[in-house]
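Structure record follows, encoded as C-alpha cells.
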Amino acid sequence: MGTELTLPEDELRSLLGEAKEVAVVGISSKPWRPSYGVAAYLQEHGYRIVPVNPNEEEVLGEPVYASLLDIPTDVRVDVVDVFRRAEHTPGVARDAVAIGARVLWLQEGIVSEEAARIASEGGLEVIMGVCIMKVRERLMAQGGS
C-alpha cells in the first residue's frame, strides 16, 4: 500500500450515496480545524454526524462520544471518518469493526497499513490518505449523487 488507498469511482459514489451516519473520530469544536470543517460539510449535505472525541461535549449541535464504543447501539454508523495520527488508528479500526461500521476512512495524510488490515479482515471497506469532503466534491462535480 502506498500513501493512499481508495475504491473505484463508481464504488465511492455508491458508498457515499448509501451512507447516512458518519462517525467523525478526533473531531474538534474549533471551527478552523479540518475535522470541524469536514464534519460541517457532511452535515450540510445530509449526513448525520456522530462526533467522537473524549475531550469534547458537543460539536455542531450533536453530543460527542468519548469513543466509538460509547455510541449507543441504536445509532447505525456507516462510515468511521478518522482525524487521528496514524499510530492511533489501529485501535480505532478495531472499534470500527466492533460496532459494525461499513467503512473505515482515514483522512488525507493519514495512512496505516495495520489499521487497514484490521478493518479489512473485519469486513470493512478501507479508504485512507484522502479527504472524504474532497472526494465527494469531485464526484458531485462529475455528476454523481
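Computed from a predicted structure; not experimentally measured. The first residue of the sequence shown is numbered 1, and numbering continues consecutively from there.
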Close side-chain approach of [X] to [Y], heavy-atom, < 4.5 Å:
X: Ser28; Y: Val59; result: no
X: Pro90; Y: Ser112; result: yes
X: Arg84; Y: Gln107; result: no
X: Ile127; Y: Leu104; result: no

**Message:** Restricting to non-hydrogen atoms, name the atom on Ile27 and the atom on Ala39 that form the minimum distance, rounded to 0.1 Å.
**Reply:** CD1-CB, 3.6 Å
**Request:** Apply side-chain hydrogen bond (donor to acceptor under 3.5 Å, both in side chains) to Glu9 and list each qualifying residue two or more places apart in sequence or on a separate chain.
**Result:** Arg138
**Message:** Under the criterion side chain to side chain contact (heavy atoms under 4.5 Å, CB included), I'd like the reasoning laid out for Ser29 against Glu58: C-alpha separation, chi angles, the key distance, then a yes or no.
**Reply:** CA-CA 8 Å; Ser29 60; Glu58 183 179 296; over 6 Å; no
Show me, pair by pair, the donor-acceptor contacts under 3.5 angstrom made by side chains of residues 15-24, not counting sequence neighbours?
{"residue": "Glu18", "atom": "OE1", "partner": "Arg102", "partner atom": "NH2", "Å": "3.3"}
{"residue": "Glu18", "atom": "OE2", "partner": "Ser14", "partner atom": "OG", "Å": "3.0"}
{"residue": "Lys20", "atom": "NZ", "partner": "Gly17", "partner atom": "O", "Å": "3.4"}

Using modelled atom types and a 3.5 Å cut-off, is there a donor and acceptor pairing between side-chain atoms of [X] and backbone atoms of [Y]?
X: Thr89; Y: Ala115; result: no
X: Gln43; Y: Leu60; result: yes
X: Arg136; Y: Leu42; result: no

**Request:** Verify side chain to side chain contact (heavy atoms under 4.5 Å, CB included) between Val25 and Asn53, making sure each step is shown before the conclusion.
**Result:** CA-CA 6 Å; Val25 178; Asn53 184 329; over 6 Å; no
**Item:** Residues that Ala98 engages under side-chain contact (heavy atoms from CB on, under 4.5 Å), provided they are two or more places apart
**Value:** Leu69
**Message:** Lys134: which residues meet the side-chain contact (heavy atoms from CB on, under 4.5 Å) condition with it, sequence neighbours left out?
**Reply:** Glu108, Cys131
**Asked** Can Val79 and Glu125 be said to form a side chain to side chain contact (heavy atoms under 4.5 Å, CB included), step by step?
**Response** CA-CA 9 Å; Val79 177; Glu125 294 283 359; over 6 Å; no
**Request:** For the pair Leu124 and Val103, evaluate side chain to side chain contact (heavy atoms under 4.5 Å, CB included) and give the outcome as yes or no after the intermediate values.
**Result:** CA-CA 5 Å; Leu124 279 68; Val103 179; 6.0 Å; no
**Asked** Which residue pairs satisfy the ring pair (Phe, Tyr, Trp, His ring centres under 6.0 Å) criterion with at least one member in residues 18-44, sequence neighbours excluded?
**Response** Tyr41-His45
**Request:** Return each pair, listed once, that meets ring pair (Phe, Tyr, Trp, His ring centres under 6.0 Å) where at least one residue sits in residues 62-106; pairs must be two or more places apart or across chains.
**Result:** none
**Asked** Can a salt bridge be assigned to the pair Glu113 and Arg117 using a cut-off of 4.0 Å between side-chain N and carboxylate O?
**Response** no
